[in-house]
Each structure stands twice: as C-alpha cells, then as structure tokens.
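Positions are given from 1, in the same order as the sequence printed here.
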Amino acid sequence: MNINPFKSASRYAALTGLMLALALTLTALESTFSAFLPAGVRIGLANVAVLGTAVCVNIPTAFLITLLKSVFVLLTRGVSAGAMSICGGIAAFSVTALLLSKTRSSYVMISVLSAISHIIGQLAMASVLTGSAYTFYYAPLLIATGTASGFITGTVSGRVIPLLEKNLSAHRKQ
C-alpha cells in the first residue's frame, strides 16, 4: 500500500518530517504553559499538526505522527506519560479519522471531540496505572478544559489548514 500522495518520495518524506517536527515543537512548547494550568491539563497544540496532516497529506501519515509524538513523550517525560500519551493519542486519532472520513464536521467539532476522546483514553490508562477508577473523578474538569482547548486548536486548524492545502496543492502528484 502506497500512502505517498506525491510522485516524489523525497517530498513526502520531507513533508512528513516537517509535520512531525511541528507536532514535537508544539508538544514541547505547550509544556511551558502546563506549569500554569491544573495538573494534567494540556492545551493540545500538537493536534493542529496531526489534523493538518490528516487533511492535507493522509490519515495513515497522521497516525504515524500520532505514534511518533507519543514516543517523544515517552522519551522526554517517562513511561507513565508515554503510556497515557499513546492511549489518549490513539483514542483522539480514531475519532479524528472517523469524523474526517464519514462526516463533514468542522475542524472545531473534530478538535473538541478528539480532545474529549484523548482525555478518556488518558484517564483509562491512568486508571490502569494506579489500579483505581477514582482517576475518573477528574474527568469533569479535564473535559471542560479539553472542550476549551479543542475549540482553540480547532479554530487555529481552521485558519492554518486552508493555507497548507493551498501550498501543497501545487506539489501534489508533481
């Protein structure tokens, strides 16, 4: 199966590398903001890169970026954070892929629902890691902040993705 939407493998590799670099940079950047937020609350800026990749390149490449982003979290923040990142990332990615392929949902709606899915995936892993379902008591706060951050990342995606699509259309199948 060829997932490269470009005639040139080097263009595909370069674009995938750039989108991964963007996702990792945004992940690192949002770590600086997390010190000012309640424990466990993150903005989810890297989701702009993942959603942009899913829309402008393809869904399998976005899944690859999701997995590699979780490896980055594992390497920089440890096993627990890495496990929670992979569970949340796969849950959020699944919702994103489903909504992109089956509906005409807005980027805001996709971002909000994937943020909530990410939270549920992370809380499920936290419950496994702690051996307690009490982690789900934190869900209302996380879902409220996840909805707000999903709105922000969806709004940013709505501004960035059309520009990315316009610039990539000249290079597609070229």
Answer yes if Val57 and Val156 sit in the same cluster of Ile, Leu, Val, Met, Phe, Trp and Tyr residues linked by side chain heavy atoms under 4.5 Å apart, and no otherwise. no
Check: Ala28 main-chain N/O paired with Thr32 side-chain donor or acceptor under 3.5 Å: no
Checking Ser101, Ser105, Ser114 against Thr96 for side chain to side chain contact (heavy atoms under 4.5 Å, CB included), the one that qualifies is Ser114
Taking the side chain as everything from C-beta on, heavy atoms only, tell me whether Leu129 gets closer than 4.5 Å to Met84. yes
Run the numbers on Ile161 and Cys56 for side chain to side chain contact (heavy atoms under 4.5 Å, CB included), then give the verdict. CA-CA 7 Å; Ile161 290 172; Cys56 297; 3.9 Å; yes
Mind listing the side-chain donor-acceptor pairs of residues 144-154 below 3.5 Å, one per line with the distance, residues two or more places apart or on another chain?
from: Thr145; atom 1: OG1; to: Leu141; atom 2: O; distance (Å): 3.1
from: Thr145; atom 1: OG1; to: Leu142; atom 2: O; distance (Å): 3.1
from: Thr147; atom 1: OG1; to: Ile143; atom 2: O; distance (Å): 2.8
from: Ser149; atom 1: OG; to: Ile43; atom 2: O; distance (Å): 3.4
from: Ser149; atom 1: OG; to: Thr145; atom 2: O; distance (Å): 3.3
from: Ser149; atom 1: OG; to: Gly146; atom 2: O; distance (Å): 3.1
from: Thr153; atom 1: OG1; to: Ser149; atom 2: O; distance (Å): 3.2
from: Thr153; atom 1: OG1; to: Gly150; atom 2: O; distance (Å): 3.3

Contacts of type side chain to side chain contact (heavy atoms under 4.5 Å, CB included), residue Thr27, not counting sequence neighbours: Ala46, Lys69, Phe72, Val73, Arg77
Could you walk me through whether Thr135 and Gln122 satisfy the side chain to side chain contact (heavy atoms under 4.5 Å, CB included) test, starting with their C-alpha distance in whole Å, then the side-chain angles of each, then the deciding distance to 0.1 Å, before giving a yes or no? CA-CA 10 Å; Thr135 56; Gln122 284 189 319; over 6 Å; no
When Ser157 is tested against each of Leu51, Asn47, Leu164 for side chain to side chain contact (heavy atoms under 4.5 Å, CB included), which residue passes? Leu51
Output the rest of the hydrophobic cluster of Tyr137: all Ile, Leu, Val, Met, Phe, Trp and Tyr residues reachable through side-chain heavy-atom contacts under 4.5 Å, sorted by chain and number. Tyr134
Considering only heavy atoms from C-beta outward, does the side chain of Ile59 approach that of Phe93 to under 4.5 Å? yes
Shortest non-hydrogen contact between Ile65 and Leu20, atoms and distance: CD1-N, 3.9 Å
With a 3.5 Å cut-off and no angle check, do the side chains of Thr61 and Tyr12 form a donor-acceptor pair? yes
Give me the atom names and distance for the closest heavy-atom approach of Phe136 to Ser127. CE1-CB, 3.8 Å
Give the intermediate values and the outcome of side chain to side chain contact (heavy atoms under 4.5 Å, CB included) for residues Thr53 and Leu22. CA-CA 11 Å; Thr53 302; Leu22 177 61; over 6 Å; no
Could you walk me through whether Leu100 and Ile110 pass the side chain to side chain contact (heavy atoms under 4.5 Å, CB included) check? CA-CA 8 Å; Leu100 281 175; Ile110 292 170; 3.6 Å; yes
